[in-house]
There are 2 protein chains.
Amino acid sequence: MGNQEAQLYRPPGMRVLSRATVSRMPRYLRLLDDIREAQATVSSDELAEAAGVNPANVRRDLSDLGFHGTRGVGYAVGDLRSRIQRELGIDHRRKVAIVGAGNLGTALAGYSGFRQRGFDVAAIYDISSERVGRLVGDVIVTDAGRIGHDCATGLFDMAILAVPATSAQRVAEELVSAGVSSILNFAPVRVIVPNDVPVRHVDLSTELQILSYYG
Amino acid sequence: MGNQEAQLYRPPGMRVLSRATVSRMPRYLRLLDDIREAQATVSSDELAEAAGVNPANVRRDLSDLGFHGTRGVGYAVGDLRSRIQRELGIDHRRKVAIVGAGNLGTALAGYSGFRQRGFDVAAIYDISSERVGRLVGDVIVTDAGRIGHDCATGLFDMAILAVPATSAQRVAEELVSAGVSSILNFAPVRVIVPNDVPVRHVDLSTELQILSYYG
DNA sequence: TAGATTGTTAATCGATTAACAATC
DNA sequence: TAGATTGTTAATCGATTAACAATC
């Protein structure tokens, strides 16, 4: 694992979960969502099957999560579901800012997929005075100069970069110093965030390069 | 490493590169792009500094890549740059299909970021007869029934899913059986591709969940 | 109790890194 | 040659997994 992958999150007073462990959580959740009321308990074998991992791995993951099952019985479906949702931060809606009100930013603002998954667009920013003041979806385009202030005061805690390549790094740094918790970068350039900054940062352009590797 | 992460690519007659190794390549490339003509050689220390990794890690990565430097001197900048670009499949333009000509699909079709990074939109599909035939960007919306045929005949080798949650899994399976090499999923739902299928698949909705974890 | 399944130990596997001989 | 830097070995680290005692 490189530094980036090794980046860990330490909830206060809780065990450290590896990035690999966290990445399996949504796969467990998928089965739990399907089961719902149909079944009160689920075994590590069933979860493993659904997630495509080893049953021992499931038991270790849930144990690391501090969630315990009952020997001979399994894990309580509803409780486990809530526990994982809380862990992933999807037990409540998240406020996201879109930076860049161009072609892509505007489309993302109206994209129902984010909303369906619990991400609400709280703000959209641009530097162009022509765009500032316009209504995009539910929100009015704000001058990009306010990004730092708005982030620091909690208007949003997640940001989507939909800016030109030339501004991406600068905006990312501004967001980081204002304390944003996550950045999803759609700009066609790699953006570097230091490893010691507690931001989970997914660089789409890098992903595309990696993607293309498998072609 | 879960199964998903452990998925490896085996170029014919070439060493196997781990996903972790591949993920560092774009970071090396970034420095090499910056250097260009300014410097003929680069050391593992410089690459390590730029990529935020250990110098020994750099040397091992390049060695695994089959690229060798000169002791006491370093690595040839231009040659290394070409070698990595070839490895990542970004030494040539890639043809991508967008599935779904709705709000998001249309925006992505016109998004210059893809084009700038070497991804050309070769086709856009939809099932709605109202949308089929319309011009979106450079291409005319085609009936989704042709996806399998067009992929199999090489019209594109990468796909972007911009469909509703309900169709995402079905479309992904169709693309996989037609032999697509990469899928980038923008649908607001997780899509499962078996581990033994040689598709590099980045599930944006899963990433979003992981993202939110760090908030 | 008998069967099932967890939780944890110890073994295994793979990736990272320190160290240094090779050599430009 | 003297200094620099690679390429590789061996040590280390961390994550996965087989196995099984604990226990419902």
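Letters A, B, ... are given to chains in the order of the sequence lines, protein chains preceding strands, and every chain is numbered from 1. Being a predicted model, the structure only gives us computed values, none of them experimental.
Scored by the side-chain contact (heavy atoms from CB on, under 4.5 Å) test, A:T106 finds A:V136 as partners (sequence neighbours excluded). Partners of B:A107 under the side-chain contact (heavy atoms from CB on, under 4.5 Å) rule, at least two apart in sequence or in another chain, are A:N103, A:A107. Under the rule for a side-chain contact (heavy atoms from CB on, under 4.5 Å), A:A40 has no partner lying at least two apart in sequence or in another chain. Under the salt bridge (Lys or Arg N to Asp or Glu O under 4.0 Å) criterion, A:R170 pairs with no residue at all, not counting sequence neighbours. Every residue meeting the side-chain contact (heavy atoms from CB on, under 4.5 Å) condition with A:H92, not counting sequence neighbours, appears here in chain and number order: A:R94.
Regarding B:N54, its CG atom lies at a distance of 15 Å from the P atom of D:dG7, rounded to whole Å. Here the P atom of nucleotide C:dT6 and the CD atom of A:E46 are 9 Å apart, to the nearest Å. B:L62 places its CG atom 11 Å from the C1' atom of D:dG7, with the value rounded to the nearest Å. Atom CG of A:D45 is separated from atom P of C:dG3 by 18 Å (rounded to the nearest Å).
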### Query
Which is it for B:L47 and B:L62 under the side-chain contact (heavy atoms from CB on, under 4.5 Å) test, yes or no, and what are the steps along the way?
CA-CA 11 Å; B:L47 285 164; B:L62 301 189; 4.0 Å; yes
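Ionic pairing of B:D120 and B:K95 is not present here: no N-O contact between side-chain nitrogen and carboxylate oxygen is shorter than 4.0 angstrom.
Of the residues near DNA chain D, A:T21 and B:G72, the one whose nearest nucleotide (by heavy atom distance) lies more toward the 5' end is B:G72.
Distances shown here put every side-chain N or O of B:S44 at or beyond 4.0 Å from the OP1 or OP2 atom of D:dT5. Look at B:N57 and you'll find a side-chain N or O under 4.0 angstrom from OP1 or OP2 of C:dT17. Dashed line: the shortest gap from a side-chain N or O of A:Y75 to OP1 or OP2 of C:dG7 is under 4.0 Å.
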### Summary
Output field dot_bracket for DNA chain C (Watson-Crick or G-U, both distances under 3.5 Å, | for other-strand pairs) contains ..||||||||||||||||||||||
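Every pair passing salt bridge (Lys or Arg N to Asp or Glu O under 4.0 Å) that includes a residue from residues 71-81 of chain A is listed here, sequence neighbours excluded: A:D33-A:R81. Note on residues 145-155 of chain A: pairs passing salt bridge (Lys or Arg N to Asp or Glu O under 4.0 Å), not counting sequence neighbours, are A:R146-A:D150.
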### Message
Walk along nucleotides 8-14 of chain D from 5' to 3' and tag each nucleotide B, S or - by protein heavy-atom contact under 4.0 Å, base first, then sugar-phosphate.
### Response
SBB----
